[in-house]
2 protein chains.
Amino acid sequence: MDELPRISDSEWEIMKVIWAKSPATAADVIHALRDNKSWKEKTIKTLISRLLQKGILTYEQVNRVYYYTPTISEEECKRTERESFLQRVYGGALKPMLVHFLQEEKLSSQEIAELKKILSDKEK
Amino acid sequence: MDELPRISDSEWEIMKVIWAKSPATAADVIHALRDNKSWKEKTIKTLISRLLQKGILTYEQVNRVYYYTPTISEEECKRTERESFLQRVYGGALKPMLVHFLQEEKLSSQEIAELKKILSDKEK
DNA sequence: CATTAACGACTACAAGTGTAATCGATAAAC
DNA sequence: GTTTATCGATTACACTTGTAGTCGTTAATG
């Protein structure tokens, strides 16, 4: 993969569904998003088409049903997004970003313990 | 401020300069970005105009020199971006996002210590 | 078989973005 | 004073994004 194309906000919604249910049909996606998104079916179809064009999805046709599969892993996309967010908003400065998130958001004490453990492990 | 408009990637570059040097002229921005961005002056002017239109900048004219000032604080914009990133990519799940960042990126042992302290304080 | 329903393909269209160039006014330089 | 250099305002233009609608084919229904 030479250059990974941008995935827009709306496209992310589609991708999250398809990553979760890997060979997914358009109907699957429509069904999965029916409740939390007020998109028309056609809108979802359009987004899927664009993801195909961008090469982020492929499909396999079985009895005239299209099964869509991601060509990029969710982890890879997430990493790209993390990098781009970190760069764009914090100029790449990791610690200040983490501090903001930690101070701003809520975490259970169990989650805090896990994070501390990760940090300790990292400390080596 | 009712609805805060989106700040695009390029616009962020401009804003970072202006936040850093609060009443800034176009020349200041052009100068600050000359090295790491290959934008033409006109491009920077356009971006500044759009930020004005969006109401994210105001200007004060002193002897035909325009001094631009942000109307929104950097912290507020960062918070918005953090929220949007967290929501879009991780569906709002804070801990997994933090785990990814912690595992993937480099931190000095001092930074690790600081983060652990923040976590401990949070634990209360 | 003919009608209809469903699906993907193609078309639509305005707003936002990246990336500038041109225009018009005015200030600085001769 | 006239020319020129600046500066912001206006215009340009293709691509992306959000948000669908229409078309043509084919499958299911009757």
In this structure, how many angstroms lie between the [atom2] atom of [N] and the [atom1] atom of [X], rounded?
{"X": "Gln61(A)", "N": "dC7(C)", "atom1": "CD", "atom2": "P", "answer": "13 Å"}
{"X": "Gln53(B)", "N": "dT17(C)", "atom1": "CD", "atom2": "C1'", "answer": "13 Å"}
{"X": "Glu60(A)", "N": "dG8(C)", "atom1": "CD", "atom2": "P", "answer": "15 Å"}
{"X": "Tyr68(B)", "N": "dA9(D)", "atom1": "OH", "atom2": "P", "answer": "6 Å"}
{"X": "Ile30(B)", "N": "dT6(D)", "atom1": "CD1", "atom2": "P", "answer": "12 Å"}
{"X": "Lys45(B)", "N": "dG24(C)", "atom1": "NZ", "atom2": "C1'", "answer": "14 Å"}
{"X": "Ile14(A)", "N": "dT17(D)", "atom1": "CD1", "atom2": "P", "answer": "14 Å"}
{"X": "Leu52(B)", "N": "dT10(D)", "atom1": "CG", "atom2": "P", "answer": "12 Å"}

### Query
Is there a side-chain contact between Ile7(A) and Ile14(A), using heavy atoms and a 4.5 Å cut-off?
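Side chain of Ile7(A) against side chain of Ile14(A), heavy atoms only: no contact under 4.5 Å found.
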### Query
Are the side chains of Ile30(A) and Lys45(A) in touch, meaning some heavy atoms are under 4.5 Å apart?
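Yes - at least one pair of side-chain heavy atoms lies under 4.5 Å apart.
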### Task
Between Tyr59(A) and Arg6(B), name the one whose nearest nucleotide on DNA chain C is closer to the 5' end.
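Looking at DNA chain C, the more 5' nearest nucleotide goes with Tyr59(A).
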### Query
5'-most contact on DNA chain C: Arg50(A) or Val65(A), nearest heavy atom basis?
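Nearer the 5' end of the strand: Val65(A).
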### Task
Describe, in one word, how the ring planes of His100(B) and Tyr90(B) are oriented to each other, choosing from parallel (under 30°), tilted (30 to 60°) and perpendicular (over 60°).
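His100(B) vs Tyr90(B) ring planes: tilted.
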### Query
If you pin Glu41(B) and Ser49(B) to their nearest nucleotides in DNA chain D, which one's is more 5'?
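Comparing both residues, the 5'-ward one is Glu41(B).
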### Query
In terms of the nearest nucleotide of DNA chain D, which residue is placed more toward the 5' end: Ser38(A) or Ile7(A)?
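Nearest-nucleotide comparison on DNA chain D picks Ile7(A).
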### Query
At under 4.0 Å, does any side-chain N or O of Trp39(A) touch on OP1 or OP2 of dG18(D)?
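Checking dG18(D) against Trp39(A), no side-chain N or O comes under 4.0 Å of OP1 or OP2.
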### Query
Tell me the side chain to side chain donor-acceptor pair (under 3.5 Å) pairs involving residues 47-68 of chain A, sequence neighbours left out?
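Of all non-adjacent pairs touching residues 47-68 of chain A, those that pass side chain to side chain donor-acceptor pair (under 3.5 Å) are Glu11(A)-Lys54(A).
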### Task
Decide if atom CD of Gln110(A) counts as having more than 12 heavy atoms of other residues, nucleotides or ligands within a radius under 6.0 Å.
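Atom CD in Gln110(A) is not packed in, count stays at 12 or less.
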### Message
Run Ser108(A) and Lys95(B) through side-chain hydrogen bond (donor to acceptor under 3.5 Å, both in side chains) and show every step you take.
### Response
CA-CA 10 Å; Ser108(A) 73; Lys95(B) 205 208 62 178; over 6 Å; no
Under 4.0 angstrom, heavy atoms only, what part of the nucleic acid is [X] near: base, sugar-phosphate, or nothing?
{"X": "Ser10(B)", "answer": "sugar-phosphate"}
{"X": "Lys54(B)", "answer": "sugar-phosphate"}
{"X": "Thr25(A)", "answer": "nothing"}

### Message
Is there a side-chain contact (heavy atoms from CB on, under 4.5 Å) between Arg82(B) and Leu86(B)? Walk through the geometry before answering.
### Response
CA-CA 6 Å; Arg82(B) 284 199 303 273; Leu86(B) 181 58; over 6 Å; no
Taking N or O atoms only and anything under 3.5 Å, show me the protein contacts with nucleotides 2-6 of chain C, one pair per line.
none

#### Entry: Gln87(A): partners by side chain to side chain contact (heavy atoms under 4.5 Å, CB included), with sequence neighbours left out
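Testing Gln87(A) for side chain to side chain contact (heavy atoms under 4.5 Å, CB included), a comparison that skips the adjacent residues, returns none.
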Write down the protein N/O and nucleotide N/O pairs, taken from nucleotides 21-24 of chain D, whose separation is under 3.5 Å; answer none if there are no such pairs.
| residue | atom | partner | partner atom | Å |
| --- | --- | --- | --- | --- |
| dT22(D) | O4 | Lys42(A) | NZ | 2.9 |

### Query
Quick one: which of dT17(D), dG8(C), dT19(C) gets closest to the side chain of Ser8(A)?
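Taking heavy atoms from C-beta onward, the closest nucleotide is dT17(D).
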### Task
Taking all non-hydrogen atoms of both residues into account, name the closest pair between Ala24(A) and Ile18(A) and its distance.
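Shortest heavy-atom separation between Ala24(A) and Ile18(A) comes out as CB-CG1, 4.2 Å.
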#### Entry: CD on Gln103(B) to CG on Asp121(A), rounded to 0.5 Å
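The distance works out to 9.0 Å.
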Please list each protein N or O that sits under 3.5 Å from an N or O in nucleotides 26-30 of chain D, with the distance.
| residue | atom | partner | partner atom | Å |
| --- | --- | --- | --- | --- |
| dA27(D) | OP1 | Arg64(A) | NH1 | 3.0 |
| dA27(D) | O5' | Arg64(A) | NE | 3.4 |

### Task
Start with the C-alpha gap between Arg88(A) and Glu81(B), add the side-chain angles, then the distance that decides, and say whether salt bridge (Lys or Arg N to Asp or Glu O under 4.0 Å) holds.
CA-CA 10 Å; Arg88(A) 182 165 46 96; Glu81(B) 286 295 325; 2.9 Å; yes
#### Entry: By ring pair (Phe, Tyr, Trp, His ring centres under 6.0 Å) - contacts of His31(B) (at least two apart)
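His31(B) satisfies ring pair (Phe, Tyr, Trp, His ring centres under 6.0 Å) with no other residue.
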